[in-house]
**Student:** 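Sharing a structure with you now.
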Amino acid sequence: MTTLVTGARGSVARGVVTRLLAAGRDVRIASSDPTALDPAPGVQAVRLSLREPGADAAAALRDVHNVFLYAEAAGIADFLAVARTAGVRHIVLLSSAAAAAPDPAANPLAASHHAVEVAVAESGLPYTVLRPGAFAGNTIGWKYQILGAGSIQLPYPDAQLAPIHEDDIADVAAAVLLAGDRLGETIDLNGPESMSFAEQIAILSDVLGHTLPFAEVSREEALAGLTRHMNEGYAEALLDLWQHAVDPEPVSGATEAITGRPGRSFRTWVLDHREDFAVLAVPRG
């Protein structure tokens, strides 16, 4: 019984692979550039571009029982057609909480994830959709703001989110793949506690041993910063999300319900990734 894990360079995919191997599952990993992968012993690395599956998809899906699938709208119809032919029995799709937006097709944050969700649901293949919210790992971007601008630049420091540890997403995905259950379900995932950006900075500061500087900036200033590395429509949608996140985000509890273990806290994520912020750390007095 072989599981194909796509997007194998991603942090969630790497976690899924580790858990499946520990459970004795045969794993095949796929990437548009398999030469950049470092597969574990016995794991086959294959080429597969989800944007242009082409002939690679048939080889990647040969004898595959189930798939951990990253959401890529461009080639989803071709990929699903090959998956049906190959006899895939379960797709676990890593989507996004953004797909729950009121008008997802018109929302740049949601559109591609929503399109893939619809395609998978209409494919006739058994599927489960995972919709994680804000990744705790997004805060690594603050390091580069401090190094570049001297402070974390926040337009809405009181915006409330429940950031999720990537290991919790991997735990849930692996559990669903191994059990083969939750068919037809869409599972909302987030962290165990809603908190503001300012509260996240306070935790990060405490772990690192000194107060990290942050400045509240205007929406226009934030937009200028965001559009250095993303398109304007996506940046505007992200700012809208933060602007309206005025109430605590409801905690789904899905991680504990599926894995039997509470979700990891944001502090745990910071402790696990302290080395990512080492350049900002100073010794405690």
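Bear in mind the structure is a predicted one, so any value in this text is a computation, not a measurement.
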**Student:** Using modelled atom types and a 3.5 Å cut-off, is there a donor and acceptor pairing between side-chain atoms of Asn190 and backbone atoms of Ser252?
**Tutor:** yes

**Student:** Is Leu80 close to Val120 at the side-chain level, that is, under 4.5 Å between some pair of heavy atoms?
**Tutor:**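 In contact.
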
**Student:** Is it the case that the side chain of Arg267 and the backbone of Ile203 share a donor-acceptor pair, with hydrogens and angles ignored and the cut-off at 3.5 Å?
**Tutor:**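 No.
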
**Student:** Quick check: does any side chain N or O of Glu221 sit under 3.5 Å from a backbone N or O of Ser218, one acting as donor and the other as acceptor?
**Tutor:**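 At least one qualifying donor-acceptor pair exists.
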
**Student:** Check the surroundings of atom CZ in Arg25: do more than 12 heavy atoms from other residues, nucleotides or ligands lie under 6.0 Å from it?
**Tutor:** yes

**Student:** Can you check whether Tyr70's main-chain N or O pairs, donor with acceptor, with Thr6's side chain at less than 3.5 Å?
**Tutor:** yes

**Student:** Taking CG in Asp38 as the centre, count heavy atoms belonging to other residues, nucleotides or ligands within less than 6.0 Å. Is the count above 12?
**Tutor:**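 No, CG of Asp38 has 12 or fewer neighbouring heavy atoms, counting only those of other groups under 6.0 Å.
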
**Student:** Could you tell me whether the side chain of Thr255 and the main chain of Asp168 form a donor-acceptor pair under 3.5 Å?
**Tutor:**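 Not at all, since once roles are kept as given, no pair shorter than 3.5 Å links the two residues.
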
**Student:** Using side-chain heavy atoms (C-beta onward) and a distance below 4.5 Å, is Pro108 in contact with Glu236?
**Tutor:** no

**Student:** So Leu154 and Trp242, do their side chains get closer than 4.5 Å, heavy atoms only?
**Tutor:** no

**Student:** Shared ILVMFWY cluster between Met1 and Val5, side chains joined below 4.5 angstrom?
**Tutor:**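 In one cluster with Met1: Val5, no.
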
**Student:** Is the ring pair His165/Trp269 parallel, tilted or perpendicular, if the boundaries are 30 and 60 degrees?
**Tutor:**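 Ring orientation, 0 to 90° scale: perpendicular.
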
**Student:** What I'd like to find out is whether the side chain of Tyr156 reaches to under 4.5 Å of the side chain of Arg219, using heavy atoms alone.
**Tutor:**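 They are in contact (side-chain heavy atoms under 4.5 Å apart), so the answer is yes.
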
**Student:** Can you list the steps and then say if Glu52 with Ser49 is a side chain to side chain donor-acceptor pair (under 3.5 Å)?
**Tutor:** CA-CA 5 Å; Glu52 299 177 341; Ser49 168; 5.2 Å; no

**Student:** Charged N to carboxylate O below 4.0 Å: is that the case for Glu166 and Arg264?
**Tutor:**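 Salt bridge absent between Glu166 and Arg264.
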
**Student:** Quick one: side chains of residues 53-68, donor-acceptor pairs under 3.5 Å with protein atoms, not counting sequence neighbours, listed by atom name and distance.
**Tutor:**
{"unit_1": "Asp56", "atom_1": "OD2", "unit_2": "Arg47", "atom_2": "NH1", "d": "2.5"}
{"unit_1": "Asn66", "atom_1": "OD1", "unit_2": "Thr3", "atom_2": "OG1", "d": "2.5"}
{"unit_1": "Asn66", "atom_1": "ND2", "unit_2": "Leu177", "atom_2": "O", "d": "3.2"}

**Student:** Taking the side chain as C-beta and beyond, is there a heavy-atom pair between Gln160 and Glu199 under 4.5 Å?
**Tutor:**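 When only atoms from C-beta onward are counted, Glu199 and Gln160 do touch, with a gap below 4.5 Å.
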
**Student:** Quick check: is Leu178 connected to Val129 through a chain of hydrophobic side chains (ILVMFWY, heavy atoms under 4.5 Å apart)?
**Tutor:** yes

**Student:** Quick one, Ile29 and Arg9 - any side-chain contact, counting heavy atoms below 4.5 Å?
**Tutor:**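 No. Closest side-chain heavy atoms not under 4.5 Å.
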
**Student:** Step through the shown structure and confirm whether more than 12 heavy atoms of other residues, nucleotides or ligands are within 6.0 Å of CD on Glu232.
**Tutor:**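 At most 12 heavy atoms, drawn from other residues, nucleotides or ligands, come within 6.0 Å of this atom.
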
**Student:** More than 12 foreign heavy atoms under 6.0 Å from CZ of Arg228: is that the case here?
**Tutor:** no

**Student:** Can you check whether Ala8's main-chain N or O pairs, donor with acceptor, with Ser31's side chain at less than 3.5 Å?
**Tutor:**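 No, the answer is negative, given that no donor and acceptor are paired below the 3.5 Å cut-off.
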
**Student:** With no hydrogens and no angle check, is any side-chain donor or acceptor of Lys143 less than 3.5 Å from a backbone partner on Leu280?
**Tutor:** no

**Student:** How long is the straight-line distance from CD1 of Ile146 back to CG of Leu212, given to the nearest 0.5 Å?
**Tutor:**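 The CD1 atom of Ile146 is 4.5 Å from CG of Leu212, to the nearest 0.5 Å.
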
**Student:** So, for Ser194 and Pro248, which heavy atoms are closest and what is the spacing to 0.1 Å?
**Tutor:** OG-CA, 3.3 Å

**Student:** Please step through side chain to side chain contact (heavy atoms under 4.5 Å, CB included) for the pair Thr139 and Phe197, ending with a clear verdict.
**Tutor:** CA-CA 9 Å; Thr139 59; Phe197 286 136; over 6 Å; no

**Student:** So which atom in Pro104 and which in Ala99 form the shortest heavy-atom distance, rounded to 0.1 Å?
**Tutor:**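 Here Pro104 and Ala99 meet closest at CB-O, 3.8 Å.
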
